[in-house]
Number of protein chains: 2
Amino acid sequence: MQPAPLSDRRPYIRDSEDARRAALVAAVLDLVAEGGVEAATLRAVAARAGVTPGLIRHYFGDKDGLMRAAYGQMMAAMVNPCLAAAEAAGADPVARLRAYLAAALDPAALDGRTVALWAAYIHRTRQDAALRAAHEAGYLAFRDALEVLIAALPLCPLRPRVAAIALNALLDGLWLEGGLLPQGFIPGEVQRIALTAAARLLDVPELPETEGPRS
Amino acid sequence: MQPAPLSDRRPYIRDSEDARRAALVAAVLDLVAEGGVEAATLRAVAARAGVTPGLIRHYFGDKDGLMRAAYGQMMAAMVNPCLAAAEAAGADPVARLRAYLAAALDPAALDGRTVALWAAYIHRTRQDAALRAAHEAGYLAFRDALEVLIAALPLCPLRPRVAAIALNALLDGLWLEGGLLPQGFIPGEVQRIALTAAARLLDVPELPETEGPRS
DNA sequence: CCGAGAATTATGCAGGTGTATAATTGAAAG
DNA sequence: CTTTCAATTATACACCTGCATAATTCTCGG
């Protein structure tokens, strides 16, 4: 009889496929945000998800599969809250637009990690057709929603498409700057600037008004 | 006497330090634009520069040294043309601002390679102190120049700092969208949108006017 | 023509990467 | 309590990475 090495193999508990996929995707996004794509090695991802690298192959086939899944989740996490905020703001077009803008520049979404995460994927977006499709879909969904909100305004000095492109660009830029130079702005300043600028762009002076007393 | 292997060593010609450094930096930027930071390995960079990897160590010490040098050159290439364009536009404040905006969104600077190159560095910018300093310097130089141009306008409905931040964000966003979704715009549309939006933001209706006949 | 020194190349190394495949184990079903 | 099969781990491999050091070769001054 062999000495029975008592199995120094790591013990484990089984989990549902969904939970494992979610844990692995979350690990990827964490690592990419912290250390760029180069930090998201299969071994590092597996370790952070509390798993061994073989599981990644089991669930995603290959590293590209994992990265694609992670990208999809990232885009959804960036776009959906804005759509939901507008929906929750009621029927008044101005209030809806205000909620959308505020959600897009929400301080929680405005940290450098998110920007870094997004930037880390840009290159892959340009080469991998599946990623590019996901990117354009999420992107245009955001811009089209903006265009709908703008078209609902009582009067609009610019063609809705032009206004949507410009306002979307403004949001992107502010999101970038706010995330990359957090100490360059006082809290809430980015949102305030967005509303002020949008008010001038669209000729809607009441846009920046909040319910609180004005300072 | 040994068989004298006739030296299968690669022949080479000496070159100036400046030329070698420039060639290596250019190789880095090319590779990063094409394949992200992960593509800029020492061996790949050396090969593209027509040199062997040892030279990189010789001139830059370390890979980080090389990456820093490349980043500095990239920032300069992005910011300087705009400053020069404004300078070349004469004394009229509106003309100067118009030239600055047009240069920032020049079709040549608006290709996806540049955007990818810039994005690829974002993560490093957040961790490497030297890179972050270079980033902030270039970035604020751009924005401060914009603020000066805006302050020189006859009237300004927004505080110059706010206007500069907003307009800078607009430029960043348009540059991004134009570079990333080139087929989403007709040629020149991005520049036109920038001028139109800036005109509304700053209340300078004559900004979009060009010297040609209006369509 | 020739020596000297720096510019350049070649080689080796320790470690990390993605992937494939085989071995094991957990837990549900009988 | 077994049996069974998928979920999970372990191991091996070929390749690539950045770095260090030693060996060459180009070029310039005498």
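Both backbone and side-chain heavy atoms feed into the values below; hydrogens, waters and symmetry mates do not. So you know, we letter chains A, B, ... as the sequences are listed, proteins then strands, and number each from 1.
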Original post:
Within the modelled atom types, does a donor on one side and an acceptor on the other bring the side chain of B/Arg14 and the base of C/dA6 under 3.5 Å apart?
Top reply: yes
Original post:
Centre of B/Tyr71's six-membered ring, under 6.0 Å away, within 45 degrees of the axis: is that where NZ or CZ of B/Arg124 sits?
Top reply: no
Subject >> Salt-bridge present (A/Glu34, B/Arg126; N to O < 4.0 Å) >> reply: no
Original post:
Between the side-chain atoms of A/Arg9 and the base atoms of C/dT25, is any donor-acceptor pair under 3.5 Å?
Top reply: no
Original post:
How many Å lie between CG on B/Asp8 and P on C/dA10, as a whole number?
Top reply: 8 Å
Subject >> Name of the residue among A/Val25, A/Ile56, A/Val51 meeting side-chain contact (heavy atoms from CB on, under 4.5 Å) with A/Arg20 >> reply: A/Val51
Original post:
Is any side-chain N or O of B/Arg10 closer than 4.0 Å to OP1 or OP2 of D/dT25?
Top reply: no
Original post:
To the nearest Å, how far apart are B/Leu55 CG and C/dA7 C1'?
Top reply: 7 Å
Original post:
According to a strict under-4.0 Å criterion, is B/His58 in side-chain N/O contact with OP1 or OP2 of C/dT8?
Top reply: no
Subject >> Distance test, side-chain N/O of B/Thr41 to OP1/OP2 of D/dT17, below 4.0 Å >> reply: yes
Original post:
Going by modelled atom types, is there a donor-acceptor pair between the base of D/dG18 and the side chain of B/Arg43 at under 3.5 Å?
Top reply: yes
Subject >> Within 45° cone and under 6.0 Å: B/Arg21 NZ/CZ vs B/Phe60 ring >> reply: yes
Original post:
So, is B/Tyr12 near the phosphate of D/dT24, with a side-chain N or O under 4.0 Å from OP1 or OP2?
Top reply: no
**OP:** Remember a base hit wins even if backbone is also touched, and classify B/Pro11 as base, sugar-phosphate or nothing at under 4.0 Å, heavy atoms.
**Re:** sugar-phosphate
**OP:** Calculate the interatomic distance between A/Asp64 atom CG and C/dT19 atom C1'; express it in whole Å.
**Re:** 13 Å
Original post:
D/dT21 P sits how many Å from B/Asp62 CG, rounded?
Top reply: 14 Å
Original post:
Which of parallel (below 30°), tilted (30 to 60°) and perpendicular (above 60°) describes B/Tyr100 and B/Phe142?
Top reply: tilted
Subject >> Most 5' of B/Gly54 and A/Asp15 on DNA chain D, judged by nearest nucleotide >> reply: A/Asp15
Original post:
Phosphate oxygens OP1/OP2 of C/dT8: is one of them under 4.0 Å from a side-chain N or O of B/Arg57?
Top reply: no
Original post:
Within this structure, what is the CD1-to-C1' distance between B/Ile13 and C/dT9, rounded to whole angstrom?
Top reply: 15 Å
Subject >> Interatomic distance where CZ belongs to B/Phe60 and P belongs to D/dC19 [whole Å] >> reply: 14 Å
Subject >> Rounded distance (Å) that lies between atom P of D/dG18 and atom CD1 of B/Ile56 >> reply: 9 Å
**OP:** To the nearest Å, give me how far apart CG (A/Leu42) and C1' (D/dT9) are.
**Re:** 15 Å
